[in-house]
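Below is one structure, written out as structure tokens, with a few remarks after it.
Remember, it's 1-based here, ligands and their atoms both numbered in the order they're listed.
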Amino acid sequence: MGEFGDVVRAESGFAVDRGDGSSDFGSSTRLIPLPTMADIPEYDLIVIGGGPAGYAGAIRAGQLGKKVACIELERAGGTCLNWGCIPTKALLKSADLFQKIKKAEQYGISVKDLSFDFAKVVERSRGVSDQMAKGIEFLFRKNKVDYFVGKGFVNAPGMVSITEGEHKGKFFKTKAILIATGCRMRRIPGLEYDGVRVMTSREVLASRTQPKSVIVVGAGAIGVEFAYFYNSFGSKVTVVEMLPNVLPVEDEEISKTLQRALEKQGITIHTNTKCENFRVSKDGVKVDLIKGDQKIEVEGELLLSAIGVVPNIDGVLADNLKPELDRSYLKVGDDYQTSVKGIYAAGDIIGPPWLAHVATFEAVSAVNGMFGHGIPKRVTKFPGCTYCQPQVSSTGLTEKAAKEKGLDYKVGKFPFVASGKAVASADSEGFVKVISDAKTGEVYGAHIIGSEATELIAEYGLAIELEATVEEIHKTIHAHPTLSEAIMEAAAATTGEAIHI
Ligand SMILES: Cc1cc2nc3c(=O)[nH]c(=O)nc-3n(C[C@H](O)[C@H](O)[C@H](O)COP(=O)(O)OP(=O)(O)OC[C@H]3O[C@@H](n4cnc5c(N)ncnc54)[C@H](O)[C@@H]3O)c2cc1C
């Protein structure tokens with residue numbers, strides 16, 4: 001791979017295009033003229049990757065008046081806006097609405113000839129992504145971020161080039177580099193992803209055809225959301241999870257409640273189960289499920305694999321740059337700098353928890369730190385959400401983690417069935433659970449399962465950030481009737497003071 005030094009030596013020279021996205025310097029058949037050093041534009045910051053980490057970091061640098069560029073391989077907004085958070089939530093909104101209308105009778109409304117157009121559901125989701133990506137492109141212009149579509153490559157600290165796309169062959173000098181190239185879906189080894197019978201979330205999000213039956217491998221947030229989506233529209237769904245619970249990172253009580261709710265909706269769930277022997281044909285996929293000493297064959301028109309992610313690190317850095325890695329993720333210090341000076345990283349590329357809001361926080365924090373605006377902060381507290389119905393959200397410690405840490409803790413719980421607003425809305429499934437220090441009442445963690453769980457969790461997030469106590473939450477007047485009263489009541493329940501249970 002080319003290096004900064006080569007570029008200096010190669011003034012007015014040529015770079016060899018190997019045709020595989022990488023380039024080198026010297027003599028060969030396909031020569032790209034190299035700009036002279038004087039021609040190379042100079043930036044304060046070059047961001048590689050335009051997802052929630054990359055675009056937020058670039059916009060923040062723009063806000064600080066820095067000369068900044070963002071290089072994005074595909075579309076501004078990254079996985080989140082184009083192939084992740086946003087398009088899935090658009091699909092889930094259609095699923096929720098369809099389910100609500102099916103239950104319209106209970107609200108005194110009758111609906112005749114209810115139907116749906118699956119292709120239009122997907123079309124709307126793609127439209128939402130497009131609108132959001134355009135929004136980021138607008139924000140780039142507004143904040144004077146130079147935006148290049150292409151593959152970014154770090155030649156050396158202070159030197160970046162574009163190795164693919166219409167700007168291929170462009171070089172940039174820069175004071176700092178932020179790598180925000182994110183992750184892509186992990187694939188099951190040996191299984192061919194044909195985009196027809198075997199897909200990751202990426203292909204599924206673009207597919208306008210509804211499968212009659214789906215095997216979802218992996219019951220993390222992505223697997224569970226798609227299982228709920230397909231089941232809502234009448235596909236037969238089987239979920240397979242290797243670990244003992246669906247949403248394995250969540251509080252066990254919440255995971256078990258969710259599993260019961262999803263099973264009641266008609267989804268078949270196999271936990272503690274491994275998949276073996278995938279047989280893909282033109283009609284579908286057959287797979288053996290191994291559960292203890294039991295072997296069950298299941299089949300589906302589609303197999304959706306949702307078994308986690310792997311970092312987009314290959315082809316991003318010159319071979320001689322060897323930043324320290326942590327299980328193939330870029331390792332960063334408290335200031336988000338990698339072990340190579342001047343090269344920073346944020347978002348999914350630095351490892352879990354692989355969440356968009358965490359990615360944004362990290363990048364903004366990194367950029368503020370780079371340019372002397374406050375001390376960067378690594379993420380320790382964050383909310384996590386799953387948008388099936390009932391929704392699941394959490395922040396801070398699970399009860400199991402509190403136990404394992406040997407903490408002296410108390411639990412306060414409040415069921416939505418005791419909430420006037422939840423009952424009035426016919427959405428009374430689920431509960432709020434808060435874990436706090438037994439002596440001081442400081443909130444350690446909160447877990448919600450219920451229809452608006454993902455909106456409600458913000459209050460507990462703030463409480464944890466401010467080291468607030470359950471008493472302070474209890475003593476804060478919450479509007480009536482709102483679901484947020486359940487937050488207050490769960491806090492009050494810690495000391496046996498909840499009024500409505
Ligand atoms: C189906 C799905 C649903 C999800 N739902 C949620 C959710 O509800 N909430 C949540 O918080 N998170 C969710 N996530 C996770 C979320 O999308 C990621 O955590 C988030 O996008 C990470 O942001 P990032 O900027 O680090 O990386 P990304 O968003 O992945 O952006 C990285 C960008 O870098 C680009 N890139 C890669 N290599 C190069 C290169 N060499 N040069 C230029 N550009 C490059 C990629 O094209 C990509 O656009 C979901 C993910 C998936 C797949």
Side-chain angles (χ1 to χ4, degrees), residues 21-22 46-58 69-92 125 129 132-133 136 147-154 160-165 167-168 177-186 199-206 216 218 220-226 229 304-318 329-330 336 345-364 366 379 382-388 391-393 454 457:
S22 65
I46 301 276
V47 180
I48 304 182
Y55 78 68
C70 179
I71 306 169
E72 163 56 49
L73 188 58
E74 293 188 32
R75 185 91 200 261
T79 306
C80 171
L81 269 54
N82 297 292
W83 303 106
C85 325
I86 299 302
T88 50
K89 269 75 244 177
L91 295 181
L92 291 166
S125 156
S129 282
M132 297 307 292
I136 300 300
Y147 174 47
F148 298 97
V149 177
K151 185 165 184 176
F153 179 75
V154 182
V160 169
S161 61
I162 297 181
T163 58
E164 275 179 28
H167 303 284
K168 182 174 170 174
I177 297 166
L178 178 68
I179 300 178
T181 49
C183 285
R184 61 186 182 283
M185 299 308 290
R186 179 186 293 283
M199 302 191 201
T200 69
S201 55
R202 170 94 187 212
E203 296 79 47
V204 157
L205 279 165
V216 179
I222 296 174
V224 162
E225 287 183 359
F226 276 109
F229 167 71
L304 164 62
S305 109
I307 57 160
V309 293
V310 289
N312 292 323
I313 187 78
D314 294 341
V316 175
L317 292 138
Y329 290 93
L330 283 171
Y336 295 93
D348 280 9
I349 191 71
I350 66 168
W354 305 299
L355 291 167
H357 41 287
V358 171
T360 296
F361 180 95
E362 289 170 345
V364 169
V379 175
F382 56 89
C385 298
T386 305
Y387 299 76
C388 51
Q391 296 183 348
V392 169
S393 64
T454 59
I457 198 66

Option with minimal heavy-atom separation from [atom], where the choices are [options]:
atom	options	result
atom 51 (C) of ligand 1	Thr386, Val316, Ile222	Ile222
atom 49 (O) of ligand 1	Glu225, Glu74, Glu72	Glu72
atom 32 (C) of ligand 1	Ala180, Pro383, Ala306	Ala180
atom 14 (N) of ligand 1	Cys85, Gly84, Gly165	Cys85
atom 37 (C) of ligand 1	Thr200, Ile179, Thr181	Thr181
atom 26 (O) of ligand 1	Asp348, Val358, Thr360, Leu92	Asp348

Original post:
Has ligand 1 got any nitrogen or oxygen that is less than 3.5 angstrom from a nitrogen or oxygen of Leu73?
Top reply: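 Between Leu73 and ligand 1 (N or O atoms, distance only) the closest approach is under 3.5 Å.
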Original post:
N/O to N/O below 3.5 Å, does that happen between Arg75 and ligand 1?
Top reply: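 No, no N or O pair falls under 3.5 Å.
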Heavy atoms only, cut-off 4.0 Å: how does [X] contact ligand 1, side chain, backbone, both, or neither?
X	answer
Ser201	side chain
Lys89	side chain
Leu355	both

Considering the heavy atoms of [X], write down every atom of ligand 1 situated less than 4.0 Å from one of them.
X	answer
Gly152	40 (C), 41 (N), 42 (N), 43 (C)
Thr88	1 (C)
Met185	53 (C)
Ile48	40 (C), 42 (N), 43 (C)
Trp83	1 (C), 53 (C)
Gly347	26 (O)

Subject >> Protein contact of atom 11 (O) of ligand 1 - nearest heavy atom, named by residue and atom, plus distance >> reply: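 Result for atom 11 (O) of ligand 1: Ala356 N, 2.9 Å.
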Original post:
Closer than 4.0 angstrom: is that true for some heavy atom of Gly150 and an atom of ligand 1?
Top reply: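 Yes, Gly150 has a heavy atom closer than 4.0 Å to ligand 1.
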Original post:
Is the closest heavy-atom distance from Phe153 to ligand 1 below 4.0 Å?
Top reply: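 No, Phe153 has no heavy atoms under 4.0 Å from ligand 1.
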**OP:** Classify the angle between the aromatic ring planes of His167 and Phe148 as parallel (below 30°), tilted (30 to 60°) or perpendicular (above 60°).
**Re:**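 Taking Phe148 first and then His167, their aromatic rings stand perpendicular (interplane angle over 60°).
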Original post:
Who are the salt bridge (charged side-chain N to carboxylate O under 4.0 Å, His left out) partners of Arg186, not counting sequence neighbours?
Top reply: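 Checked Arg186 against salt bridge (charged side-chain N to carboxylate O under 4.0 Å, His left out); zero matches.
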**OP:** Could I get the full list of ring pair (Phe, Tyr, Trp, His ring centres under 6.0 Å) partners for Tyr147, not counting sequence neighbours?
**Re:** Phe140
